[in-house]
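Working notes for the structure below.
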Amino acid sequence: MREAWRWFGPDDPVSLEDIRQTGAADVVTALYHIPAHDVWPVDEIKALPSLIEEVPDTRSALKWSVVESIPVHEYIKLGKPGRDRHISAFIDSMKNLAACNIRTICYNFMPVIDATRTNLAYERPSGATALRFDQDQYTVFDLFILDREGARKDYSYKEIDAARAAFRQMTEAEKTTLARNITEGMPGKMTAAYGVEEFRQALAQYKGINKAALRKNLYHFLGQVLPEAEKLNVKLAIHPDDPPRDLFGLPRIICTADDLETLFAELPSASNGVTLCVGTFGSRPDNDLPAMVKQFGPRIHFAHLRGVKRDLDDPRSFYEASHLEGDVDMISIIRCLLHEESMRKPGSGAMDIPIRPDHGHQMMDDLDRKVNPGYSCIGRLRGLAEIRGVIRTLEKLGV
Ligand code: DNO
């Protein structure tokens with residue numbers, strides 16, 4: 001497995017020098033400043049590896065090996081006329097990346113919003129903070145801040161009453177923070193940051209688009225992208241919908257093992273793969289992660305490792321625990337990933353799996369620094385160190 005680290009570019013408070021000290025050698029990044037409708041220009045792509053890879057001989061090397069992510073324009077997800085122009089732009093960006101020898105590309109197909117959390121600084125008993133998705137807070141936002149048309153039919157009377165009572169207790173500042181956390185999204189998101197009114201309008205565009213229609217739009221997109229990816233030997237790795245279920249009445253189609261099975265049965269190209277985001281899939285009790293690694297082995301082109309702890313009274317709510325303390329069996333998952341790698345034939349084009357510690361706690365010096373929520377330095381370093389310990393132990397014991 002190749003230890004990787006997500007870096008948001010020169011403005012990331014976690015610098016390349018910091019990354020070097022974590023021991024990770026692979027960098028995961030993107031041209032975050034380029035809007036979804038533009039092609040990533042070769043000269044801008046080339047500037048990044050020079051920044052990442054050029055170091056004095058005395059320092060250990062870093063390499064940009066994974067793109068997370070090329071954004072998929074909303075026109076493509078909506079299946080709007082004009083989408084093919086945006087698909088061509090995606091393909092051109094992919095060609096330019098391959099010309100710079102970057103051949104693993106993560107992307108997602110979540111309409112309107114990317115990964116969503118209600119709380120970006122959920123205090124843990126240790127004093128560190130974590131990311132959290134709280135179903136009650138989500139409901140408060142949906143019903144009483146967003147006031148989404150038709151939302152009430154998604155909730156029971158009990159949920160509506162509880163949300164109303166919670167809303168009445170909240171200060172204006174708390175309401176603003178909740179709305180901002182949801183509509184502005186998380187660092188590295190591939191969708192726009194909205195105000196509440198814009199968010200309403202973005203949701204309205206999906207009226208009439210159900211799961212089947214969204215799937216058709218994904219297949220149309222991949223139908224054009226995959227043949228090009230094959231020629232370029234590029235591996236595409238779809239990221240699951242986070243959290244993995246419908247939100248705000250939007251259809252979400254990459255949530256379960258069945259969803260992946262449907263996708264790969266429809267488009268069996270070897271370039272059609274997945275980002276095994278253990279935290280995302282693992283936030284659903286019905287996803288058996290070790291079994292998923294066995295089932296989709298060769299299609300796992302990239303993995304995000306993190307642990308999610310679901311609430312006992314409502315498993316739709318969760319917080320991000322330390323990397324080995326979540327509900328998923330991280331040790332078995334790593335064991336299955338190591339086994340998958342051992343099955344890959346040298347020269348077959350399949351590579352070692354790049355893994356990155358996903359979402360760390362904000363802890364120690366992170367708490368006094370400017371930090372991208374989830375993308376702290378020390379919190380992620382703790383996660384990586386724990387994961388590395390598991391990998392070395394399993395390798396040494398040969399299990
Ligand atoms: C959040 C991330 C996502 C992810 C994209 C992948 O922290 O896991 O933003 O990068 O959804 O396309």
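Keep in mind that the numbers below use all heavy atoms, side chains included, and drop hydrogens, waters and symmetry copies. One-based numbering, in listed order, for ligands and for the atoms of each. Count residues from 1 along the sequence.
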Output the list of atoms in ligand 1 that are nearer than 4.0 Å to some heavy atom of [X], sorted by atom number.
{"X": "D114", "result": "3 (C), 5 (C), 9 (O), 11 (O)"}
{"X": "G188", "result": "9 (O)"}
{"X": "C106", "result": "6 (C), 12 (O)"}
{"X": "M110", "result": "11 (O)"}
{"X": "N108", "result": "5 (C), 6 (C), 11 (O), 12 (O)"}
{"X": "R6", "result": "2 (C), 10 (O)"}
{"X": "S69", "result": "6 (C), 12 (O)"}

Are a donor atom and an acceptor atom from the side chains of [X] and [Y] found within less than 3.5 Å of each other?
{"X": "R124", "Y": "Y319", "answer": "yes"}
{"X": "Y75", "Y": "Q205", "answer": "no"}
{"X": "E197", "Y": "Q201", "answer": "yes"}
{"X": "E68", "Y": "H239", "answer": "no"}
{"X": "D134", "Y": "Y122", "answer": "no"}
{"X": "D26", "Y": "S65", "answer": "yes"}

E68-ligand 1 polar pair, N/O distance under 3.5 Å: yes

H359 N/O to ligand 1 N/O under 3.5 Å: yes

Structural part of R117 in contact with ligand 1, heavy atom criterion under 4.0 angstrom: neither

Y375 and ligand 1 - part of the residue with a heavy-atom distance under 4.0 Å: side chain

K189 and D114: CA distance, side-chain angles, deciding distance, salt bridge (charged side-chain N to carboxylate O under 4.0 Å, His left out) verdict: CA-CA 6 Å; K189 63 186 181 294; D114 201 305; over 6 Å; no

Salt bridge present between R215 and D259 (N-O < 4.0 angstrom):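 Yes, charged N to carboxylate O under 4.0 Å.
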
Identity of the nearest option to atom 8 (O) of ligand 1, non-hydrogen atoms only, from E320, M190, M186, H239: H239

